[in-house]
Amino acid sequence: MKTLAIALFASLLAACSSTSAPSKASLEGEVFYLQRIALPPAATLSVSLQDVSLMDAPAVTLASQNGPVKGNVPLPFRLTYDPAQVQPGHRYAVSARIELDGELLFINTEQHAVQLDGQAAQPLRIKVDPVR
């Protein structure tokens, strides 16, 4: 009887672990710029992971991080997303911007495409350029 109970428990445990897919995945990296200036203490950093597959429609945001800038460049970020939202054949990119009181100071001017199949090199390095 004891052996039967252990066998049932083991098979139940195996079934649960084999059917569960990861519910969250993440991309980590840093945002930097080349200018030798410090950001004002009230500056904010926004980084987002977007589905940029459709050219004639707005990008769909899968994950974003927004908040005050802490320290000097490079500025670290971590985007946590749901892998169930990733669709085969779609293109994904990470974008970054730095603002001060709603005014854009820096933004990435090159697209930073990412592969969301677990093969993307990390940490990501996103270069932002001044707007002015």
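Quick note: numbers below take in every heavy atom, side chains included, and nothing from hydrogens, waters or symmetry partners.
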Straight-line distance of Gln111 CD to Ile126 CD1, nearest 0.5 Å: 10.5 Å

Does one hydrophobic cluster hold both Ile107 and Leu105, with members joined at side-chain heavy-atom distances below 4.5 Å? no

Compile the donor-acceptor pairs under 3.5 Å between side chains in residues 56-72 and protein atoms, sequence neighbours left out, one pair per line.
from	atom 1	to	atom 2	distance (Å)
Gln65	OE1	Arg78	N	2.8
Asn66	OD1	Ser46	OG	2.9

Of all pairs that satisfy ring-ring contact (aromatic ring centres under 6.0 Å, His included), the ones with a partner from residues 57-98, not counting sequence neighbours: none

Does anything in residues 111-132 pair up under ring-ring contact (aromatic ring centres under 6.0 Å, His included), and if so which pairs, sequence neighbours excluded? none

Just wondering, more than 12 heavy atoms not from Glu110 lying within 6.0 Å of its CD? no

State which residues pass side chain to side chain contact (heavy atoms under 4.5 Å, CB included) with Asp117; sequence neighbours excluded, sorted by chain then number. Gln115, Gln119

Name all pairs fulfilling the ring-ring contact (aromatic ring centres under 6.0 Å, His included) condition that reach into residues 29-48, sequence neighbours left out, sorted by first residue then second. Tyr33-Phe106

In terms of heavy-atom contacts, Val52 and Ala93 come closest through CG2-CB, 4.1 Å

Report the distance from atom CG of Leu39 to atom OG1 of Thr44, rounding to the nearest 0.5 Å. 10.0 Å

Of all the heavy-atom pairs spanning Ser23 and Pro83, show the shortest one and how long it is. O-CD, 3.5 Å

Residues passing the salt bridge (Lys or Arg N to Asp or Glu O under 4.0 Å) test with Glu103, sequence neighbours excluded, are Arg132

Rounded to the nearest 0.5 Å, how far does CG of Leu79 lie from CD of Gln50? 10.0 Å

Can you check whether Ala96's main-chain N or O pairs, donor with acceptor, with Asn108's side chain at less than 3.5 Å? yes

For the backbone of Ser26 and the side chain of Thr80, can you confirm whether one donor and one acceptor N or O come within less than 3.5 Å of each other? no

With the 4.5 Å side-chain cut-off for hydrophobic clustering, are Leu124 and Val128 part of the same group? yes

Rounded to the nearest 0.5 Å, what's the gap from CG on Leu75 to CG on Leu45? Could you check? 5.5 Å

